[in-house]
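Below: one structure, written as structure tokens.
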2 protein chains.
Amino acid sequence: MARTTGSDGEKTEAAVREAAVSLIARLGYEAMSMRQLAAEVGVQAAALYRYFPTKEDLLFTLMREHMAGLIEAWDAARPAAADPATRLAAYVENHIAFHIERRHSTHVSNMELRSLSHDRLTQILKLRTAYEKELRVILRDGAEAGVFDVEDTGLTAMALIQMMTGVIVWFRPGERLSISEVTATYLSMTMRLVGAKAHGGTTTCSAAAGEQRTL
Amino acid sequence: MARTTGSDGEKTEAAVREAAVSLIARLGYEAMSMRQLAAEVGVQAAALYRYFPTKEDLLFTLMREHMAGLIEAWDAARPAAADPATRLAAYVENHIAFHIERRHSTHVSNMELRSLSHDRLTQILKLRTAYEKELRVILRDGAEAGVFDVEDTGLTAMALIQMMTGVIVWFRPGERLSISEVTATYLSMTMRLVGAKAHGGTTTCSAAAGEQRTL
DNA sequence: GAATTAATTGAACGTTCGTTTTATTATCCG
DNA sequence: CGGATAATAAAACGAACGTTCAATTAATTC
């Protein structure tokens, strides 16, 4: 047999992407076979190669679009011109919302980097670095303005990102906590961690602690 | 040929373990072939099966011993009976020291869980939960004693552990920061995050950073 | 120094992998 | 309605996989 009734390239490609994200997140890139993926889509393995020339191309596409989506989401959510605390809050909220919403895709982009070729790894890391830099800038601005108390901007940014991204490890929608509850708690932990002076009230944390080093 | 001069079962097994941790951390469990591992050890693939009946047995052994080592390290480092802040500081210091020291093995234990059978996954997760519970107890004690300000003990524990474990992603020994600098910064971030009242002083959480025990 | 045991090799097994090729059918366009 | 093209199936490719087995040699024991 050959072309099946009702077959449509766009729909098939979208189905492949979706199934691939789910399968790779669950089994891992190396453990997922192209035949398994094809079966999930309801197609023969050879049909996949109409849309993605190699298995690695498929992985790279998924990762690139995940990172692009993350940056896009932040571009849409970032406050125009605001104080560091407001910008930090927006960053935290966007980060957590995005990562909870795209748990599988985040899993893939974080765990399967080693399966990329050198060049493609570099491309993905460049996107990631650009996204992380946004947070470092916020922290630096806040530290310079004296509203944050941060010892080391780069280290703090990494710590915050790992803390926030880690939410996908344990969070399951519909369980004990809602997304907004989780976000609120992470937001308050973040503000304490960076020693943010309360939005108008007295100081919560800070005082001593040395001058900050720039990265 | 057959047995080689100077061959010794114990030494070979140790070499296999060491090479396996390094290779799996670098390539991933699925991507590492038994022939690759054997070549790294300087032996034929068949020789590996003298020590580990299957590839998964090898992985499981590495993980089990990693988790056992972590719990053992904490048992040795835990303060006998102390206030929550001191215990939390000890937990953070032990956690970071252990994870930096055993970066590769941590990578394996955190990233390759999905390659375990159901039973073995359960065993590893049981160990991990037991270790994490130690932190939750510290946080709860501190919250009940009024020396910590924690909204949600479980969530805070997960956030802290992910933040601390994340150090292995970016930390490289001999670069910008020393282990003790990193530990000190993480300790101060932790104390602020949990809203710790200073050890004996009057205010501010970041003061805890100054009082730092050596690693 | 012979018998036994420990450690390893080299070759092979069947399976599965990613991928390619070729043929076949549905759909679209005139 | 008929030719072009898009979408797939079916079968096959060589390579690599985890693993097993028999043969062989080093070390140990008596």
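The figures here come from the full heavy-atom set of this structure, side chains too, leaving out hydrogens, waters and symmetry mates. So you know, we letter chains A, B, ... as the sequences are listed, proteins then strands, and number each from 1. Model, not experiment: these values are computed from the prediction.
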Would you please confirm or rule out a distance under 4.0 Å between OP1 or OP2 of dC17(D) and any side-chain N or O of Ser33(B)? yes
Tell me: CZ of Arg50(A) to C1' of dT20(C), nearest whole Å? 15 Å
Between dG10(C), dA9(D), dT19(D), which one does the side chain of Gln44(B) approach most closely? dG10(C)
Donor-acceptor pair, Glu56(A) side chain versus Ser117(A) backbone, under 3.5 Å? yes
Can you tell me the distance, in whole Å, between the OH atom of Tyr49(A) and the P atom of dA11(D)? 19 Å
Can you tell me how far C1' of dA10(D) sits from CG of Leu48(A), to the nearest Å? 15 Å
Do the side-chain N or O atoms of Thr4(B) get closer than 4.0 angstrom to the phosphate oxygens (OP1, OP2) of dT25(D)? no
Nearest to side-chain heavy atoms of Ala46(B), which nucleotide of dT20(D), dA9(D), dT8(C): dT20(D)
With a 4.5 Å heavy-atom cut-off, do Gln36(A) and Glu40(A) have their side chains touching? no
Quickly work out the Met34(B) CE to dT20(D) C1' distance and round it to whole Å. 13 Å
Examine distances only and state if a side-chain atom of Arg87(B) and a backbone atom of Gly142(B) form a donor-acceptor pair shorter than 3.5 Å. no
Picking from dT19(D), dT20(C), dT8(D), which would you name as closest to the side chain of Ala45(B)? dT19(D)
Just the rounded figure in Å: distance from P of dA16(D) to CG of Leu37(B). 18 Å
Could you pick out which residue, Pro53(A) or Thr12(B), lies toward the 5' side of DNA chain C when each is mapped onto its nearest nucleotide? Thr12(B)
Gap between atoms CG and P, on Leu23(A) and dC17(C) respectively (whole Å): 12 Å
Can you tell me how far C1' of dT20(D) sits from CZ of Arg35(B), to the nearest Å? 12 Å
Hey, does the side chain of Tyr51(A) come within less than 4.0 Å of dA6(D)'s phosphate (OP1/OP2), counting only N and O? no
Just the rounded figure in Å: distance from C1' of dA16(D) to NZ of Lys55(B). 12 Å
Taking atom types as modelled, find out whether His104(A) and Ser22(A) have a side-chain donor-acceptor pair closer than 3.5 angstrom. no
Of Gly42(A) and Tyr29(B), the one whose closest DNA chain D nucleotide lies more 5': Gly42(A)
Rounded to the nearest 0.5 Å, what's the gap from OH on Tyr29(A) to CG on Leu113(A)? Could you check? 12.5 Å
